[in-house]
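Lettering follows sequence order; numbering is per chain, from 1.
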Amino acid sequence: MPPKKRTRVNERLAKPGKDEDSAKEAVGAKKKATGVTKESSSTPSTPEYCHWLMKSEPESRFENGIDMKFGVEDLKALPDQTSCWDGVRNYQARNFMRQMKEGDLAFFYHSNCKEPGIAGVMKIVKEAYVDHTQFDKKDVHFDASSKADNPKWSMVDVQYQRMMKRFLPLSELKKYHLQHRTKGGPLKDMALFTRARLSVQPLTSEEFDFLLSLEDEEPL
DNA sequence: GCCAACGTTGGC
DNA sequence: GCCAACGTTGGC
């Protein structure tokens, strides 16, 4: 049975002429991923992440008459507090989802809203599988170029873990980022700032741990 | 395979 | 609502 409800990520279009997974993007991702968490045994160049940041919109916004709203509270309210993370239509974001392993932790990031920032923590509970919405003509993220015998887009299932002890606003994260960029520090290369438009991003363990530590700090 | 035009993201 | 940044498209 398909997961309970849909999740929303602001990924649209991206329809390369061929359905080949633009290896360049995977490569680009590798290159950018400077803060490598771990290296796989055979290919030292491939970083292995186990922490992520995933963006979704917590406030109502209508696209083709469909409400894109899906905040951390919406995830929490679902049966099993679990949802599929469908609608990602960007190759880099998709490739990161395909790297996710069951048990990985991800921050739930609120985007395109009054107060953008990190709102909660969730867990990957099902690894990448076919995103059915790409074949649904009624769906906002329908992709006419994707063929059933070779689907382009994947999704994972996520489960709510907890709210952040305190909301971590983007404005504060940015201050740390700028600070760390000049003086050095864990957030100096954070993808949220170096690759702002990417809706599914990897976090190094250092980044992840630092962000968690902010929960117990006074707002900057 | 380059690159200008286009369309989207998402903070402000 | 604006618009900078940037990924994607498509002509060449």
Side-chain angles (χ1 to χ4, degrees), chain A residues 6-34 52-75 85-99 106-120 131 133-134 139-147 150-155 164 166-181 187-203 207 211 214 219-220:
Chain A
R6 62 176 22 156
T7 319
R8 283 284 142 250
V9 190
N10 324 312
E11 300 287 353
R12 312 208 34 31
L13 28 114
K15 327 154 88 177
K18 245 333 189 171
D19 43 16
E20 241 354 274
D21 309 4
S22 38
K24 43 190 162 183
E25 294 184 7
V27 171
K30 263 182 232 166
K31 278 216 209 133
K32 278 287 187 172
T34 43
W52 312 91
L53 180 148
M54 303 170 84
K55 300 180 183 177
S56 187
E57 304 184 33
E59 294 172 7
S60 282
R61 185 176 64 83
F62 289 87
E63 206 172 306
N64 301 346
I66 296 164
D67 194 355
M68 296 294 112
K69 172 181 174 352
F70 191 83
V72 68
E73 301 286 358
D74 298 301
L75 175 61
W85 202 268
D86 65 318
V88 171
R89 296 292 181 271
N90 170 282
Y91 286 106
Q92 298 179 23
R94 181 205 65 179
N95 291 344
F96 282 131
M97 285 204 296
R98 288 182 176 178
Q99 290 178 34
F107 285 123
F108 196 121
Y109 179 88
H110 282 174
S111 71
N112 204 17
C113 56
K114 272 285 167 52
E115 236 205 331
I118 294 175
D131 178 346
T133 66
Q134 67 196 299
D139 196 278
V140 184
H141 300 108
F142 171 68
D143 182 354
S145 72
S146 184
K147 298 290 171 281
N150 187 18
K152 278 187 184 176
W153 306 111
S154 304
M155 61 185 182
M164 298 301 284
R166 72 174 177 93
F167 182 81
L168 302 180
L170 173 65
S171 56
E172 181 178 342
L173 301 181
K174 184 175 277 176
K175 288 179 195 167
Y176 279 111
H177 168 64
L178 294 173
Q179 191 176 299
H180 291 181
R181 220 175 47 177
L187 297 195
K188 67 175 181 334
D189 294 320
M190 191 182 179
L192 191 59
F193 305 103
T194 60
R195 312 175 67 189
R197 294 176 47 186
L198 191 58
S199 72
V200 177
Q201 331 183 331
L203 293 171
E207 289 166 342
L211 291 166
L214 291 182
L220 189 65

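For B:dC12, one of the phosphate oxygens OP1 or OP2 lies less than 4.0 angstrom from a side-chain nitrogen or oxygen of A:Lys174. Distances shown here put a side-chain N or O of A:Tyr109 below 4.0 Å from the OP1 or OP2 atom of B:dG11. Taking side-chain N and O atoms only, A:Asn90 has a distance below 4.0 Å to OP1 or OP2 of C:dT8.
Salt-bridge annotation for A:Glu63 and A:Arg61: present, with a side-chain N of the basic residue lying under 4.0 Å from a carboxylate O of the acidic one.
One can place NZ of A:Lys152 at 11 Å from P of C:dT8, the figure rounded to the nearest angstrom. We find that CE of A:Met54 is positioned 13 Å from P of B:dG10, with the value rounded to whole Å. If you measure from atom CG of A:Asp143 to atom P of B:dT8, you get 14 Å, rounded to the nearest angstrom.
With sequence neighbours excluded, the residues forming a side-chain contact (heavy atoms from CB on, under 4.5 Å) with A:Lys174 are A:Leu178, A:Phe193, listed by chain and number. Taking A:Phe107 as the reference, A:Phe208 meet the ring pair (Phe, Tyr, Trp, His ring centres under 6.0 Å) condition, with sequence neighbours excluded.
Closest to the side chain of A:Tyr91, out of C:dA5, C:dT8, B:dC12, is C:dT8. Considering only side-chain atoms of A:Arg197, the nucleotide from C:dA5, C:dG7, B:dG11 that sits closest is C:dA5.
Classified by interplanar angle (parallel below 30°, tilted 30° to 60°, perpendicular above 60°), the ring pair A:Trp52/A:Phe96 is tilted.
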